[in-house]
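Hydrogens, waters and symmetry mates are skipped; everything else that's a heavy atom, side chains included, is used. Chain letters run A, B, ... following the sequence lines, proteins first, then strands; residues in each count from 1.
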Amino acid sequence: METISLRRMAKNQRGTITAVRVAGDLGRRIRDMGLVTGTVITVQGRAPLNDPVALRIRGNTLTLRNNEADFIEVEVEN
Amino acid sequence: MNKLTMALAGNPNAGKTTLFNALTGARQHVGNYPGVTVERKEGAYQRGDFNAVVVDLPGTYSLTAYSEEEVVARDFLANEKPAVVINIVDAANLERNLYLTCQLLELKIPLVVALNMMDVASDRGMEIDVENLSAFLGVPVLPIVARSGKGLDELMAAAQEMAEGRLSPPDPAKVRISYGDDVDQALLTMTRLIRDQGLLKGKYPSRWIAVKIIENDEALIKEVNEDSLELGIRLLQEADIVAAHLMKTFDTYPEAVIADHRYGFIKGILKRGIITHRYDENRLYTSDKIDRVLTNRFAGPLIMLAVLYSIYQITFSFSTLPVAGVEAVFGWIGGLVEANLGDGPLKSMLVSGVIGGVGGVLGFVPLIMLMFFCIAILEDSGYLARVAFMMDRVFRMFGLHGSSVMAFIVSGGIAGGCAVPGVMATRTLRSPKERMATLLTVPFMNCGAKVPILALLIGAFFAQHQAFYMFGFTILSWIVALVAAKLLRLTVLRGEPTPFVMELPPYRFPTFNGLMIHTWERTWQYIKKAGTVILAISILLWAMMTYPGLSPEKEAVFVQERDRIATLYEVGNETGDKLLQEVDNQQEGAVLRNSFAGRIGVGMEKVTWLSGFEWRTNIALLGGFAAKEVIISTLGTAYSMGETDPEDAGSLGDRLAADSAWSPLVAMSALIFMLFYAPCFVTVVCIAREAGSWNWAFFSIIYSTTIAFILSTGVYQVGRILGF
């Protein structure tokens, strides 16, 4: 088990969110969309230019930009 | 009896619009909330002798003040106090959807939950214990399938009972979400203060106000301070203490703690056997398999190009016939007036001002309908979100959003579009600054009316490399538009990019009804709102190019000349007719030069010589504000060649090529100016509508003309130095 930023996760890698280190609008938006501590996510894929990233979360798909993913820390399974 | 109000609230993509359409059918009214560009949709609902007004609130994920939509939804709930709120919840995405439900419960409004897409959920092997969910939430929960209408009767029966006060609103004890010891303690103190002083009483529940202050909700804090600044400061102090404490002990923000606990509350409920999965929750469904191809690194962009190109083709080729039809009808009416009214200002005004103006407005209708139809398909099916996902990286570099691509393509990203539907296509953008930047830069694209100008001048001056120049100008319009967007985002629209975090909803087949309603309501808005303003401006422009007319002495010169020709040739003599026509053309030219527009054109030479334009070009540019096609016909009149048909301007091209005031360099400078200066006024009116203020529309005119002038002057002056 190791904790990395969401940006560094590989395709199909799974992990649990341990922290969302941002306040304000962006933080609010991230949390409103269900990306909160304890949520299990899987990287589903990336856009053709590698950014944004698509996540699998509770059976649904969310996308966010890499610079937004930087604020999210994930404990990844190997 | 006073009609009751019902509001529909829910996440985007939860099926809110489908439910709204099913409830109200065609009895809808679309308007705007005051001061913002968010659409307000209302409809009439009837069930037996029960009548209600249904308001479709904008789709939101939460009730924080993240976006205009959320503020609008929240204000509506607080100020208009609907008799019942129907919260539509996507059963296949229960956890996230209940996040909004929690916040509605905390607002203590009469609530009924509609559990939508039960069919999708059961296809995915999910079973939901509706009865227990209702018991835990303390409000009625009704399973429905909005698309097929299943369960709507039961839902509306419950909603009616709630609205008529026969069911009790949410029980505060049941839905009191705990936010952890620290926050709960602070909430207790703050709630007591708020209750004692009656802060915003009757508008929001006191505990809810306290939660929002701890969440650092700026819109609410402002409201609190307006009600009582003293108490506001006191409450903020409390909030700061918790915030500092949480940061010190848990290294986290209060709003994070609150969100975590809300999700914890939902998880707690769902864990108690409310939801059972027959399959792995994250297994891939058909929709995800489609996405493997449609958002594939290589195939994805190619398919997207094909899709965008076909929308473009459909919009512009299918509309040719109806547009020609509309034009023919107005041409016919114009002919009728022409034939039956005596010569004079009234006739001229009716033909050129009124009929031309109304015809101009309605001529765009087939285009707009087709474009909105195509966009509705992309939107309702879920593909538009994928386009945004794939294009975002490119458009973000210029301060725009992935969804901007649509507006650019429609406006003429592939030469021959139209900025009017393009401007209206920006409605699909949800981020305000990116949307405004898109709105202000799409008119730079090569619209269909600019193509004949390109053809005329390129044909006259750069005939050897026509295709190269055509293509070059299309690329140039992209570059100018994107760079201008970047400049705007660095100056007047400065600010952090709007967070991109968004959903890729599962693909769905759009319903025919939904598409029709979507298309029609947007088209109708265009006709109604834009129509009146456009008619007025059209008459104004006509007057500017007609008055004050020629002085009697000058008029007499032309009459004399006609009489002279008439004595020399018999009626019907070919040479005589030609000479008469020439006199007519010269007179029209003289009238134009003497008109207000003409005088302005002459006056503008003082500035425009920098870009190499003389007064004739200036007048044509003024006329081009009516519609870019008018540039060519006005140039024709100004060069005393009679009104020139934009589709057949060969002789005008020859005339320009031979004129000493023109050269390839002047043509290049003129082309650049014509491509980028003020959008035609139909576009300007639409920008005002979409931006929600005329200030932006005027800004659009001024800044694009400035850019055009700088570019063309630069080209002309550098070209002269280089000896072209």
Presence of salt bridge, [Y] and [X], under 4.0 angstrom:
X: A:Arg31; Y: B:Asp260; answer: no
X: B:Asp251; Y: A:Arg21; answer: yes
X: A:Asp51; Y: B:Arg396; answer: yes

Check step by step if side chain to side chain contact (heavy atoms under 4.5 Å, CB included) holds for A:Asn50 and B:Arg297. CA-CA 9 Å; A:Asn50 249 330; B:Arg297 184 155 299 197; 3.5 Å; yes
Taking all atoms of both residues into account, what is the closest heavy-atom pair of A:Arg46 and B:Phe389, and its distance?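 Closest approach of A:Arg46 to B:Phe389: C-CZ, 3.9 Å.
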Contact summary for B:Pro499 and A:Arg29, nearest pair of heavy atoms: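 The pair with the smallest heavy-atom distance is CB-CG, 4.1 Å.
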Let me confirm one number: the [atom1]-[atom2] distance from [X] to [Y], rounded to the nearest 0.5 Å.
X: B:Tyr263; Y: A:Thr39; atom1: OH; atom2: OG1; answer: 7.5 Å
X: B:Tyr61; Y: A:Met33; atom1: OH; atom2: CE; answer: 4.0 Å
X: B:Glu503; Y: A:Asn60; atom1: CD; atom2: CG; answer: 6.5 Å
X: A:Asp25; Y: B:Thr64; atom1: CG; atom2: OG1; answer: 8.0 Å

Are any side-chain N or O atoms of B:Glu255 and backbone N or O atoms of A:Ala23, one a donor and one an acceptor, separated by less than 3.5 Å? no
So B:Asp217 and A:Arg28, salt bridge (charged side-chain N to carboxylate O under 4.0 Å, His left out) or not? Walk me through it. CA-CA 10 Å; B:Asp217 183 310; A:Arg28 204 168 289 155; 5.6 Å; no
Closest-packed option against chain B by number of heavy-atom pairs under 4.5 Å, given A:Leu49, A:Leu55, A:Val36, A:Leu35: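 Greatest number of close heavy-atom pairs with chain B: A:Val36.
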Which one, B:Ala385, B:Pro254, B:Ala259, leads in non-hydrogen pairs under 4.5 Å with chain A?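 The answer is B:Ala259.
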Considering only heavy atoms from C-beta outward, does the side chain of [X] approach that of [Y] to under 4.5 Å?
X: B:Val501; Y: A:Thr63; value: no
X: B:Met502; Y: A:Leu64; value: no
X: B:Asp392; Y: A:Arg65; value: yes

So what's closer than 4.5 Å to chain A heavy atoms on [X]: side chain, backbone, both or neither?
X: B:Tyr99; value: side chain
X: B:Arg124; value: side chain
X: B:Glu215; value: backbone
X: B:Ala388; value: neither
X: B:Thr498; value: backbone

Residue pair A:Thr61, B:Asp288: steps toward the side chain to side chain contact (heavy atoms under 4.5 Å, CB included) verdict: CA-CA 9 Å; A:Thr61 309; B:Asp288 305 304; 4.0 Å; yes
Given a strict heavy-atom distance threshold of 4.5 Å, which part of A:Ala19 is in contact with chain B: side chain, backbone, both, or neither?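 When you check distances to chain B, no heavy atom of A:Ala19 falls under 4.5 Å.
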Heavy-atom distance under 4.5 Å to chain B: side chain of A:Asn66, backbone, both or neither?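 Interface part for A:Asn66: neither.
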Heavy-atom neighbours of A:Arg8 CZ exceed 12 at 6.0 Å: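 No - once you tally the heavy atoms of other residues, nucleotides and ligands closer than 6.0 Å, there are 12 at most.
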Crowding at NZ, B:Lys267 (>12 non-hydrogen neighbours, <6.0 Å):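 More than 12 heavy atoms, drawn from other residues, nucleotides or ligands, come within 6.0 Å of this atom.
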Does B:Tyr253 have any ring pair (Phe, Tyr, Trp, His ring centres under 6.0 Å) partners at least two apart in sequence or in another chain, and if so, which?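 Expected list: none.
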Does B:Tyr179 have any ring pair (Phe, Tyr, Trp, His ring centres under 6.0 Å) partners at least two apart in sequence or in another chain, and if so, which?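 Not a single residue meets the ring pair (Phe, Tyr, Trp, His ring centres under 6.0 Å) criterion with B:Tyr179.
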